[in-house]
Amino acid sequence: MDFTTLFTILEKELTLYKSLYEITIQKTDIVKKGDVQALNQLMTNEQKHVTSITALEKQRITELNKIFPERKENLPTISECIQVAQGNQKTKLQEIFQQLVKILEEIKEQNRLNHELVKHSLQFVNFSLNLFRPKFTNYSYGPNTDKQQTTTSSIFNSEV
């Protein structure tokens, strides 16, 4: 079995994943700064990377269908390809596999950090907005005098 084309596809994917990891690092800095325009540009670039990776995944599946025509429905994983490969190809597949696993774990961790940063930023924004929203306590002489009703108005008090 010849895995040459598969090597090329996996190496391209690895390059794109490394570039995507750099984007996730940049995203962390941008989220910390709060630069929304830069974040939008970076996310557009990130989406281009994801589209390219998806295209390469389709190529990888096509190549695996060529190498393993008998396994159309249950394509082999890279680990299974390593078991079947011989000599130098086996070593090369192992190296690429280890690099892919490492970079994907790094991307996952960086994305988790970015998720937490965005979550905290949104909490801060909500807290700040709540500071500007006036809360009115309705004291009235009516049937519900035992209960105090608190209502929240819009962000701006139009009576002021």
I'd like a table of donor-acceptor pairs (distance under 3.5 Å, sequence neighbours excluded) in which one partner is a side-chain atom from residues 89-106, with atom names and distances.
| from | atom 1 | to | atom 2 | distance (Å) |
| --- | --- | --- | --- | --- |
| Gln89 | NE2 | Asp2 | OD1 | 3.0 |
| Thr91 | OG1 | Gly87 | O | 3.4 |

Distance-only donor-acceptor hits, side chain of residues 6-14, under 3.5 Å, sequence neighbours excluded:
| from | atom 1 | to | atom 2 | distance (Å) |
| --- | --- | --- | --- | --- |
| Thr8 | OG1 | Thr4 | O | 3.2 |

Distance, nearest 0.5 Å, that separates CG of Asn74 from CZ of Phe68: 11.5 Å

Only pairs under 3.5 Å count here: list side-chain donor-acceptor contacts from residues 17-26, not counting sequence neighbours, and write none if there are none.
| from | atom 1 | to | atom 2 | distance (Å) |
| --- | --- | --- | --- | --- |
| Ser19 | OG | His49 | NE2 | 2.6 |
| Thr24 | OG1 | Tyr21 | O | 2.6 |

Rounded distance [0.5 Å steps], CD1 in Ile53 versus CD in Glu57: 8.5 Å

Distance-minimising heavy-atom pair for Ser52 and Leu16: CB-CD1, 3.6 Å

From CD1 (Ile30) to NZ (Lys32), nearest 0.5 Å: 12.0 Å

Any Glu46 side-chain heavy atom under 4.5 Å of Lys27 side chain: yes

Among Asn45, Thr44, Thr51, side-chain contact (heavy atoms from CB on, under 4.5 Å) partner for Gln47: Thr51

Separation between CD1 of Ile78 and CD of Gln83, rounded to the nearest 0.5 Å: 12.5 Å

4.5 Å side-chain heavy-atom contact, Ile67 and Cys81: no

Interatomic distance, Thr28 atom OG1 to Leu42 atom CG [nearest 0.5 angstrom]: 9.5 Å

Arg71 vs Glu80 side-chain heavy atoms within contact, under 4.5 Å: yes

Carboxylate-amine/guanidinium proximity below 4.0 Å for Glu63 and Arg60: no

Greater than 12 external heavy atoms within 6.0 Å of Gln123's CD: yes

